[in-house]
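Data first, discussion second: the structure below is written as structure tokens.
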Amino acid sequence: MTKHLIKNGRVLTPEGTQSCDVRIEDGKIVELAPGLSPEGARVLDAAGCWVLPGLVDIHCHLREPGFEHKEDIASGTAAAARGGFTSICCMANTNPVNDNAVVTEFIRKKALQAGPIRVYPIAAVTKGLKGEELTEVGDLLDAGAVALSDDGKSVKNAHRMRLALSYAKRFGMTIISHPEDEDLVNGGVMNEGHWSTALGMPGTTRVAEESIIARDCMLAELEDTKIHIAHVSTAGGAEIIRWAKKRGGKVTCETAPHYLYATDAWVEGYDACTKVNPPLRTEDDRRALIEALKDGTIDCIATDHAPHHEDEKNVEYALAAPGISGFETALSICWTSLVVPGHLRPEALFNLLTAAPAKILGLDAGSLELGKSADVTVFDPEASWTVNPGEFVSRGKNTPFAGKTLTGLVSHTFAQGILAYGNSHAD
Ligand code: DOR
């Protein structure tokens, strides 16, 4: 195996930031110290860059099996690597749905063939995502599922959700709630408010999200079990989670990069790449989410990478598939919207994308330490670049950030000691 030496970077370790070199051998981090000599390793000069634990994403869509025209595990993991992610958890809304051990095992096998990015399948809560029959949690756990979610839909029947929480608890599995009341969505295609009125489009009330957040937090409390709330997008949603946590609820939650940067004003122009579930919200929501990240109400950031084919976006707004191809812009969007304006310190942001999400699902990832798997991301905080979806390695080019200039860029990603992204460096 090729040996690597990453020199002169600012290295984020569990003990804090250190100016040192990182030696990678046999897939592991074997030395962390200043002034190391190559000793046969390829040397990467990371002067001026952050050297981070490989990023961890607990919410993405890889689309395989069944929707390979949007993405497959090989293209999705390549996109993850380009975004600095080395451990990713993929949602169950594939075809067939990941609601049984065969599909879970298929995903893991494909991921091993694809390369060194670790893929952790999230299996469905209900068979076929239909909200009715619960899946076999023990089988799914044995097959390698790390959590359960009907993401894309909430479990509509509250009693069924209660049973699912109580069943999952016996196996120590976390349920990830997709908070969206489809009756309240009622055909809405964007956030209900000033812009939906101005643009003449059906809006979705924020209560569609907030009512299910409240319901699922209360059900988890009732069953004394944990729950993770996906893609929180509203001020009210964050407030409800703050309340649930204060009561001692075992609640964690995430938001996604696009909710921290973009708002429903971006829908002006009717670009279907701005269509996402939950929808882009208002500037007040965006600011409230940032406050919720600062005070710890929001535990982590997840991409909700949702690639779609051009033909599924190049249609009337109401008919377009919701979702944003997010891996390749995630860290830059977060850096630009959170660190550059001074809302978060760099280390706080990195934690939200590494150790914090790993802890939520109990993954052995997100920490750059001696002896650990060499999952390492090199990030240049000064680089300024313009998003060109034509350069995405994801099959999904669907991003509302096309043409935006962002600050900070991943230059290299090592996964299990292998260079998974970045120009190969000197011997
Ligand atoms: O925008 C979204 N797209 N939100 C989801 O919850 C599902 C996802 C998808 O699968 O495309």
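Atom set for the values below is all heavy atoms of this structure, side chains included, hydrogens, waters and symmetry mates excluded.
Residues Phe106 and Asn98 fail the side-chain proximity criterion, which asks for heavy atoms closer than 4.5 Å. In this structure the side chain of Leu260 reaches within 4.5 angstrom of the side chain of Leu293, judged on heavy atoms. Residues Ile229 and Glu254 have side chains not in contact (no heavy-atom distance under 4.5 Å, counting atoms from C-beta outward). Within the 4.5 Å cutoff, the side chain of Asp375 has no heavy atoms near those of the Phe414 side chain. Ile58 has its side chain out of reach of Ile176: every pair of non-hydrogen atoms, C-beta onward, lies at least 4.5 Å apart. At least one side-chain heavy atom of Pro53 sits under 4.5 Å from a side-chain heavy atom of Leu12. For the pair Arg10 and Val51, the minimum side-chain heavy-atom distance is 4.5 Å or more. Side chains of Val146 and Cys89 form a contact here, defined as non-hydrogen atoms less than 4.5 Å apart.
With hydrogens and angles disregarded, no donor-acceptor distance shorter than 3.5 Å links the side chain of Lys70 to the backbone of Glu312. Using a distance-only test at 3.5 Å, with no hydrogens or angles considered, a donor-acceptor pair links the side chain of Thr13 to the main chain of Glu15. Checking side-chain atoms of Ser367 against main-chain N and O of Glu369 turns up no donor-acceptor pair under 3.5 Å. A distance-only check finds no donor-acceptor pair linking the side chain of Arg170 to the backbone of Gly138 [under 3.5 Å]. Checked by atom type and distance alone, the side chain of Gln113 never pairs as donor or acceptor with a backbone atom of Ala111 at under 3.5 Å. When atom types are taken as modelled, the side chain of Lys275 and the backbone of Val189 share no donor-acceptor pair closer than 3.5 angstrom. Listed for the Thr104 side chain is a donor-acceptor partner under 3.5 Å among the backbone atoms of Asn100. The backbone N or O of Phe401 lies less than 3.5 Å from a partner atom in the side chain of Thr399, making a donor-acceptor pair. Checked by atom type and distance alone, the side chain of Asp26 never pairs as donor or acceptor with a backbone atom of Lys28 at under 3.5 Å. A donor-acceptor pair under 3.5 Å links the side-chain atoms of Tyr259 to the main chain of Pro278, judged by distance alone.
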Between Val376 and Val11, is the side chain to side chain contact (heavy atoms under 4.5 Å, CB included) condition met? List the steps.
CA-CA 10 Å; Val376 181; Val11 184; over 6 Å; no

Can you list the steps and then say if Val232 with Leu289 is a side chain to side chain contact (heavy atoms under 4.5 Å, CB included)? CA-CA 8 Å; Val232 175; Leu289 294 178; 4.1 Å; yes

| said: Ile73 vs Ile107, test: side chain to side chain contact (heavy atoms under 4.5 Å, CB included). Steps then yes/no. | reply: CA-CA 8 Å; Ile73 289 169; Ile107 293 168; 4.0 Å; yes

Handout entry: Verdict with supporting geometry, Thr303 and His59, side chain to side chain contact (heavy atoms under 4.5 Å, CB included)
Key = CA-CA 6 Å; Thr303 67; His59 187 153; 5.9 Å; no

- Task: Any chance you could lay out the side chain to side chain donor-acceptor pair (under 3.5 Å) test for Asp295 and Thr297, step after step, and finish with the verdict?
- Result: CA-CA 6 Å; Asp295 73 12; Thr297 300; 2.6 Å; yes

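A donor atom on one side chain and an acceptor atom on the other are not found under 3.5 Å apart for Ser325 and Asn398. In the model, Ser394 has no side-chain atom that pairs as donor or acceptor with a side-chain atom of Glu328 under 3.5 Å. No side-chain N or O of Ser411 forms a donor-acceptor pair with one of Tyr421 less than 3.5 Å apart. Of the N and O atoms on the side chains of Thr252 and Asp299, not one donor lies less than 3.5 Å from an acceptor on the other residue. If you check the side chains of Trp385 and Thr405, you find no donor sitting under 3.5 Å from an acceptor. Between the side chains of Asp304 and His258, no donor-acceptor pair is found at a separation under 3.5 Å. Remark: the Glu71 side chain and the His305 side chain contain an N/O donor-acceptor pair separated by less than 3.5 Å.
The aromatic rings of His309 and His69 lie tilted to each other, with the angle between the two planes from 30° to 60°. Aromatic ring orientation, Phe85 versus Phe327: tilted (interplanar angle from 30° to 60°).
Residues Arg206 and Asp285 are paired through a salt bridge, judged by an N-O separation under 4.0 Å between the basic side chain and the carboxylate. Under the 4.0 Å criterion applied to side-chain N and carboxylate O atoms, Arg286 and Glu283 are assigned as salt-bridge partners. Under the 4.0 Å criterion applied to side-chain N and carboxylate O atoms, Asp364 and Lys372 are assigned as salt-bridge partners.
Remark: of the listed residues Arg281, His178, His231, Arg281 is the sole one forming a side-chain hydrogen bond (donor to acceptor under 3.5 Å, both in side chains) with Glu209. Considering Arg247, Lys226, Lys246 in turn, Arg247 is the only one that fulfils the salt bridge (Lys or Arg N to Asp or Glu O under 4.0 Å) rule with Glu221. The only member of Arg162, Met218, Lys250 that meets side chain to side chain contact (heavy atoms under 4.5 Å, CB included) when paired with Glu223 is Arg162.
The structure places SG of Cys253 at 13.0 Å from CG of Asp216, a figure rounded to the nearest 0.5 Å. With rounding to the nearest 0.5 angstrom, the CD1 atom of Ile213 is 11.0 Å from the OG atom of Ser154. From Lys153, atom NZ reaches atom CD1 of Ile212 across 13.5 Å, with rounding to the nearest 0.5 Å. The line from CD1 of Ile88 to SG of Cys90 is 6.5 Å long, rounded to the nearest 0.5 Å. We find the OG-CG distance between Ser166 and Asp224 to be 11.5 Å, quoted to the nearest 0.5 Å. Taking CD1 from Ile333 and CD1 from Ile301, the interatomic distance works out to 10.5 Å, rounded to the nearest 0.5 Å.
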Could you pull out all donor-acceptor pairs under 3.5 Å where a side-chain atom in residues 261-270 meets a protein atom, sequence neighbours excluded?
from, atom 1, to, atom 2, distance (Å)
Thr263, OG1, Ala265, N, 3.3
Asp264, OD2, Asn191, ND2, 3.0
Tyr270, OH, Leu199, O, 2.8

Side-chain donor-acceptor contacts of residues 117-130 below 3.5 Å, not counting sequence neighbours, with atom names and distances?
from, atom 1, to, atom 2, distance (Å)
Arg118, NH2, Ser373, OG, 2.6
Thr126, OG1, Lys130, N, 3.4
Thr126, OG1, Gly131, N, 2.8
Thr126, OG1, Asp150, OD2, 2.6
Lys127, NZ, Glu133, OE2, 3.1

Quick one: side chains of residues 2-9, donor-acceptor pairs under 3.5 Å with protein atoms, not counting sequence neighbours, listed by atom name and distance.
from, atom 1, to, atom 2, distance (Å)
His4, ND1, His425, NE2, 3.0
Lys7, NZ, Asp21, OD2, 2.6
Lys7, NZ, Leu36, O, 2.7
Asn8, ND2, Asp45, OD1, 3.0

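Residues passing the side chain to side chain donor-acceptor pair (under 3.5 Å) test with Glu136: none are found, sequence neighbours excluded.
Pairs passing the salt bridge (Lys or Arg N to Asp or Glu O under 4.0 Å) check and including a residue from residues 394-405, sequence neighbours excluded, read Asp72-Arg395. Counting only residues at least two apart or on different chains, the salt bridge (Lys or Arg N to Asp or Glu O under 4.0 Å) pairs with a member in residues 47-64 are Glu64-Lys110.
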